[in-house]
K.L.:
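Starting off with a structure, shown below.
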Amino acid sequence: MTHHADVLVVGGGVIGLTSALELAACGHRVRVIDRQAVGQESSWAGAGMIPPGDLVSGLMPFHHLSVRSSELWPELVSRLQEMTGLDSEYIRDGALHLSAPGDEATAEQSVTAWNESGVPAELKQGQELPSLDHRLELLEQAVCYLPTAAQVRNPKHLQALLAACRQLNVAFHENHEVQRFERGGDRLEVVHAGEEQFRADQIVIATGAWTGELASLLDLEFPVFPVRGQINQYRLSHPLPHVIERGKQYLVPRRDGVLLVGSTEEHVGFDRSEHPASIQKLHDFACSLLPELRTQQPERQWSGFRPVSADGLPIMGRSVELQNVVIASGHYRAGLSLSPVTGEIVRQLVRGESVEVDLKLFAPERFSSVARQN
Ligand SMILES: Cc1cc2nc3c(=O)[nH]c(=O)nc-3n(C[C@H](O)[C@H](O)[C@H](O)COP(=O)(O)OP(=O)(O)OC[C@H]3O[C@@H](n4cnc5c(N)ncnc54)[C@H](O)[C@@H]3O)c2cc1C
C-alpha cells in the first residue's frame with residue numbers, strides 16, 4: 001500500500017515529534033514513521049535538563065541556539081497542556097554548577113562568563129542555600145547558580161507531544177522500519193518500510209543515533225554515532241530544590257521525589273546490556289554529593305543512545321543532494337533541550353520561510369562529499 005503526505009517524518013523521538021507538531025499546526029498533512037513505538041529511545045532515556053544556554057562548546061551560534069530553545073519551552077509546554085490537558089512537568093527550578101576535579105574555571109569565572117553571554121548567573125555559598133546546605137557535601141565551596149535553568153520530565157513530555165500530534169491529525173506508522181529508498185534525480189521519491197510505501201513532498205530525517213545507518217541507505221554521509229549514557233534512579237523523601245551538575249555528572253530531582261543520577265559516556269555502539277561498573281560509578285558520584293543516598297541502592301537504571309555527529313554539533317538543514325530532504329539529527333547531549341528550536345527550524349525549512357537562527361555551523365553539507373568536491 002502507498003501512503004501519501006505533505007511531509008513524512010522518519011523517526012518519532014522528541015525531534016521528530018516536535019517537528020511533526022509544528023508542521024501539522026500549520027495545516028500540513030504529516031505522517032510519522034518509526035520502527036517501534038514512538039518516543040522510546042534516547043528521548044525517553046534522557047534526564048530532561050534544559051540549560052539556559054551553552055558555554056561548553058565555546059561556539060556562540062550554538063549558545064544562541066540553546067538560548068532560543070530555552071526561551072521557547074514555556075510557550076510550547078503551555079500550548080501542549082492547553083491542547084491535551086497533559087503536563088510535561090517543565091519547571092524552571094535553576095541549576096547549581098559545582099566545580100569538577102580538574103575544572104580550570106572557578107565558580108567566579110563561570111558566573112562572569114554566563115553573565116557576559118547574557119544569561120543570569122549568581123555566585124552562591126552554602127549558607128545562602130539553606131535548603132541544601134545540610135544535605136549536600138561540597139557546599140563549603142562557592143558555586144555557580146543559574147536561576148533560569150529548567151527541566152522537563154521527558155516521558156511525560158513525549159506523551160503530551162504524541163497526544164497533541166494526534167489531535168492535529170498526524171498519522172503514525174509505528175513498528176515500520178525504513179529499509180529502502182527510491183531516488184529520482186535530486187529528489188527522494190519513495191520510502192519503503194516492509195510492505196508499505198510512503199510518498200511525500202518533503203521528508204524529514206530525525207532518526208537520532210541511527211541517522212548514519214539510514215543515510216548510508218541513501219549513499220549520503222551523515223556521520224552520526226551512538227554514545228551510550230546510563231542513569232540511576234533513586235527516591236528521596238524530600239526532593240532537592242535544584243538540578244545539581246558537576247562536570248558531565250548530575251542530579252536531577254523530579255517534583256515527586258524521584259531523583260535521576262547521570263550520566264556516563266560510553267562508546268560501545270548499540271550495546272544495550274547493563275554495565276554494573278557504570279551503575280556503581282554513578283552511585284559513588286551521587287553518594288559523594290548527597291550522603292543520604294549511602295543507605296540506598298538505585299531503584300531502577302537504564303541507558304540510551306545519544307546521537308553524536310563527527311564534530312559533536314547537531315546536523316540541521318536541507319540536504320544538498322536531495323532537495324526534498326531535511327535533516328534534524330546529531331543533538332548529542334542536548335536533544336531534549338534543543339527540541340523546540342529544532343521543531344521551529346524544521347518548520348521554517350519545510351515551508352520555505354526565512355530561518356532566524358544562523359545554520360551555517362550545523363549545515364548537513366559540512367559532511368557531504370559533494371560539498372567537499374566543490
Ligand atoms: C542518559 C541520557 C541523558 C540525557 N540527558 C539529556 C538532558 O538532560 N537534556 C537534553 O537536552 N538531552 C539529553 N540527552 C540527549 C537527548 O536525549 C537526545 O539528544 C535526544 O533524545 C535525541 O532525540 P532524537 O529524536 O534525535 O532521537 P531518538 O529519541 O533516539 O529518536 C530516534 C527515533 O528514530 C527511530 N528510528 C531509527 N531508525 C529508524 C528506521 N530505520 N526506521 C524508522 N524509525 C527509525 C527510533 O526508533 C527512534 O524512535 C540525554 C541522553 C541520554 C541517553
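The structure presented is a predicted model; accordingly, all values stated were derived computationally and were not measured.
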K.L.:
To the nearest 0.5 Å, tell me how far Thr84 OG1 sits from Leu161 CG.
P.N.:
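With rounding to 0.5 Å, OG1 (Thr84) is 9.0 Å from CG (Leu161).
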K.L.:
Which heavy atom of Leu240 sits nearest a heavy atom of Ile244, and at what distance?
P.N.:
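Closest approach of Leu240 to Ile244, heavy atoms only: CD1-CD1, 4.0 Å.
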K.L.:
Considering all heavy atoms of both residues, which atom of Ala20 and which atom of Val32 are nearest to each other, and what is their separation?
P.N.:
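Scanning both residues, the minimum pair turns out to be CB-CG2, 3.7 Å.
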K.L.:
Step by step, work out the side-chain contact (heavy atoms from CB on, under 4.5 Å) result for Tyr234 and His283.
P.N.:
CA-CA 10 Å; Tyr234 302 80; His283 185 66; 2.7 Å; yes
K.L.:
Could you walk me through whether Arg183 and Glu321 pass the salt bridge (Lys or Arg N to Asp or Glu O under 4.0 Å) check?
P.N.:
CA-CA 10 Å; Arg183 293 171 68 149; Glu321 291 94 345; over 6 Å; no
K.L.:
Evaluate Val268 against His275 for side-chain contact (heavy atoms from CB on, under 4.5 Å), listing each step before the verdict.
P.N.:
CA-CA 11 Å; Val268 294; His275 285 200; 4.1 Å; yes
K.L.:
Can you tell me how far apart CD (Gln197) and CZ (Arg180) are? Round to the nearest 0.5 Å.
P.N.:
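If we round to the nearest 0.5 Å, Gln197:CD and Arg180:CZ are 7.5 Å apart.
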K.L.:
Starting from Leu96, can I reach Phe285 by hopping between I/L/V/M/F/W/Y residues whose side chains sit under 4.5 Å apart?
P.N.:
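Yes: a chain of side-chain contacts under 4.5 Å links Phe285 to Leu96.
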K.L.:
Any side-chain heavy atom of Arg199 sitting closer than 4.5 Å to one from Glu189?
P.N.:
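A side-chain contact exists here, since the closest heavy-atom pair is under 4.5 Å.
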K.L.:
Could you state the interatomic distance from CD (Gln323) to CG (Leu188), rounded to the nearest 0.5 Å?
P.N.:
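The distance works out to 12.0 Å.
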K.L.:
For Leu59, does its backbone N or O pair with a side-chain atom of Ser57 as donor and acceptor, under 3.5 Å?
P.N.:
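Side chain of Ser57 to backbone of Leu59, a donor-acceptor pair under 3.5 Å: yes, one is there.
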K.L.:
Look up atom SG in Cys165 and atom CG in Leu80, then write down how far apart they are to the nearest 0.5 Å.
P.N.:
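So the SG of Cys165 and the CG of Leu80 are separated by 8.5 Å.
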K.L.:
Measure the shortest side-chain to side-chain distance between Asp219 and Phe181 over non-hydrogen atoms and say whether it is less than 4.5 angstrom.
P.N.:
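Not in contact.
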K.L.:
Main chain of Gly229, side chain of Ser303: is a donor-acceptor contact present, judged purely on distance under 3.5 Å?
P.N.:
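The answer is no, because no donor-acceptor pair under 3.5 Å joins these two groups.
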K.L.:
Report yes or no: does Asn232 contribute a side-chain atom to a donor-acceptor pair with the main-chain N or O of Pro298 at less than 3.5 Å?
P.N.:
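Not a single qualifying donor-acceptor pair exists.
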K.L.:
Determine, stepwise, if the pair Leu236 / Leu293 fulfils side-chain contact (heavy atoms from CB on, under 4.5 Å).
P.N.:
CA-CA 8 Å; Leu236 299 176; Leu293 292 180; 3.8 Å; yes
K.L.:
Do Phe222 and Ser329 make a side-chain contact, defined as non-hydrogen atoms from C-beta onward lying under 4.5 Å apart?
P.N.:
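The answer is no; the side chains never approach within 4.5 Å.
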K.L.:
Given 3.5 Å as the limit, does a donor-acceptor pair link the side chain of Glu196 with the main chain of His3, or not?
P.N.:
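Side chain of Glu196 to backbone of His3: no pair is present.
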K.L.:
Can you spot which of Arg255, Arg254, Glu89 makes a side chain to side chain donor-acceptor pair (under 3.5 Å) with Gln151?
P.N.:
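Going through Arg255, Arg254, Glu89 one by one, the side chain to side chain donor-acceptor pair (under 3.5 Å) with Gln151 is satisfied by Arg254 alone.
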K.L.:
Under 4.5 Å between any side-chain heavy atoms of Ser288 and Arg246, yes or no?
P.N.:
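Ser288 vs Arg246: side chains touch.
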K.L.:
Where is the tightest heavy-atom contact between His157 and Leu76, given as atom of each residue plus distance?
P.N.:
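Scanning both residues, the minimum pair turns out to be CE1-CD2, 4.0 Å.
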K.L.:
With clusters defined by side-chain heavy atoms of hydrophobic residues (ILVMFWY) lying less than 4.5 Å apart, directly or transitively, does Leu336 cluster with Ile91?
P.N.:
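No; tracing contacts between hydrophobic side chains, which count when under 4.5 Å, never links both residues.
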K.L.:
Minimum heavy-atom separation for Val170 to Ala24, with atom names?
P.N.:
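Scanning both residues completely, I find the closest heavy atoms to be CG2-CB, 3.5 Å.
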K.L.:
Of Lys248, Gln249, Arg306, which is the lone residue that meets side chain to side chain donor-acceptor pair (under 3.5 Å) with Ser263?
P.N.:
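The passing option is Arg306.
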K.L.:
Please report the closest heavy-atom contact between Asp93 and His242, naming both atoms and the distance.
P.N.:
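Asp93 and His242 have their closest heavy atoms at O-ND1, 2.6 Å.
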K.L.:
Dump the intermediate steps for side-chain contact (heavy atoms from CB on, under 4.5 Å) on Val227 and His267, then the final yes or no.
P.N.:
CA-CA 5 Å; Val227 176; His267 297 265; 3.7 Å; yes
K.L.:
Looking at side-chain heavy atoms only, is the closest gap between Val38 and Glu174 below 4.5 Å?
P.N.:
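Side-chain contact under 4.5 Å: yes.
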K.L.:
With the side chain counted from C-beta on, respond yes when Tyr145 and Ser110 share a heavy-atom pair under 4.5 Å apart, and no when they do not.
P.N.:
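Contact flag for Tyr145/Ser110 side chains = no.
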K.L.:
Which residue pairs pass the salt bridge (charged side-chain N to carboxylate O under 4.0 Å, His left out) test when at least one of the two sits in residues 3-32, sequence neighbours left out?
P.N.:
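Checked against salt bridge (charged side-chain N to carboxylate O under 4.0 Å, His left out) - neighbours excluded - the pairs reaching residues 3-32 are Asp6-Arg29, Glu22-Arg79, Glu22-Arg347.
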K.L.:
Looking at CZ of Arg35 and CD of Gln40, how far apart are the two atoms once the value is rounded to the nearest 0.5 Å?
P.N.:
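The CD atom of Gln40 is 12.5 Å from CZ of Arg35, to the nearest 0.5 Å.
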K.L.:
Return yes if some donor-acceptor pair links the side-chain N/O of Arg187 with the main-chain N/O of Gly184 below 3.5 Å, else return no.
P.N.:
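Not at all, since once roles are kept as given, no pair shorter than 3.5 Å links the two residues.
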K.L.:
Would a single hydrophobic cluster contain both Val258 and Trp302, if residues Ile, Leu, Val, Met, Phe, Trp and Tyr are joined by side-chain heavy-atom contacts under 4.5 Å?
P.N.:
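Yes, same cluster.
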K.L.:
Can any side-chain N or O of Ser309 pair as donor or acceptor with the backbone N or O of Gly312 at less than 3.5 Å?
P.N.:
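It does hold such a pair.
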K.L.:
Please check this pair: side chain of Arg228 against backbone of Asp271, looking for a donor-acceptor N/O pair closer than 3.5 Å.
P.N.:
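Answer holds: yes.
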K.L.:
Do other residues, nucleotides or ligands put more than 12 heavy atoms under 6.0 Å from the CD atom of Glu82?
P.N.:
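No.
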K.L.:
In terms of ring plane angle, is the pair Trp210 and Phe305 parallel, tilted or perpendicular, where the classes change at 30° and 60°?
P.N.:
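Taking Phe305 first and then Trp210, their aromatic rings stand perpendicular (interplane angle over 60°).
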K.L.:
Using every non-hydrogen atom in the two residues, find where Pro364 and Ile315 come nearest and quote the distance to one decimal.
P.N.:
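Minimum heavy-atom separation between Pro364 and Ile315: CA-CG2, 3.6 Å.
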K.L.:
Take atom NE2 in His238; do more than 12 heavy atoms of anything else shown fall under 6.0 Å from it?
P.N.:
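Incorrect, the count does not exceed 12.
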K.L.:
Do Leu158 and Phe172 share a hydrophobic cluster, counting only Ile, Leu, Val, Met, Phe, Trp and Tyr and linking them when any side-chain heavy atoms are less than 4.5 Å apart?
P.N.:
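Linked within one cluster.
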K.L.:
Testing Leu8, Val326, Thr211 for side chain to side chain contact (heavy atoms under 4.5 Å, CB included) with Ile205, which one passes?
P.N.:
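Testing Ile205 for a side chain to side chain contact (heavy atoms under 4.5 Å, CB included) against Leu8, Val326, Thr211 leaves exactly one candidate, Thr211.
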K.L.:
Within the 4.5 Å heavy-atom criterion, are Asp201 and Asn324 side-chain neighbours or not?
P.N.:
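Asp201 vs Asn324: side chains apart.
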K.L.:
Quick check: do Val341 and Leu338 have side-chain heavy atoms less than 4.5 Å from each other?
P.N.:
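Counting from C-beta outward, Val341 and Leu338 do come under 4.5 Å.
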K.L.:
Quick check: is Ile15 connected to Trp44 through a chain of hydrophobic side chains (ILVMFWY, heavy atoms under 4.5 Å apart)?
P.N.:
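They do share one cluster, since a chain of ILVMFWY contacts under 4.5 Å joins Trp44 to Ile15.
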K.L.:
Could you check whether the rings of Phe198 and His173 sit parallel, tilted or perpendicular, using 30° and 60° as the cut-offs?
P.N.:
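Aromatic pair Phe198/His173 classed perpendicular.
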K.L.:
Rounded to the nearest 0.5 Å, what's the gap from CD1 on Ile345 to CG on Leu359? Could you check?
P.N.:
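Going from CD1 on Ile345 over to CG on Leu359, the span is 5.0 Å.
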K.L.:
Could you check whether any side-chain N or O of His97 sits under 3.5 Å from a backbone N or O of Glu245, counting only pairs where one atom can act as donor and the other as acceptor?
P.N.:
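A pair under 3.5 Å: no.
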K.L.:
Can you establish whether the number of heavy atoms outside Lys281 located under 6.0 Å from its atom NZ is more than 12?
P.N.:
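Count not over threshold, so no.
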K.L.:
Check the pair Tyr332, Glu265 against side chain to side chain donor-acceptor pair (under 3.5 Å), reporting the backbone distance first and the verdict last.
P.N.:
CA-CA 11 Å; Tyr332 193 24; Glu265 290 213 325; 2.8 Å; yes
K.L.:
Do Ser69 side-chain atoms and Ser66 backbone N/O form a donor-acceptor pair below 3.5 Å?
P.N.:
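Not at all, since once roles are kept as given, no pair shorter than 3.5 Å links the two residues.
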K.L.:
Check for a donor-acceptor pair, side chain of Ser43 on one end and backbone N or O of Gly39 on the other, with a separation under 3.5 Å.
P.N.:
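Judged by distance alone, no pair lies under 3.5 Å.
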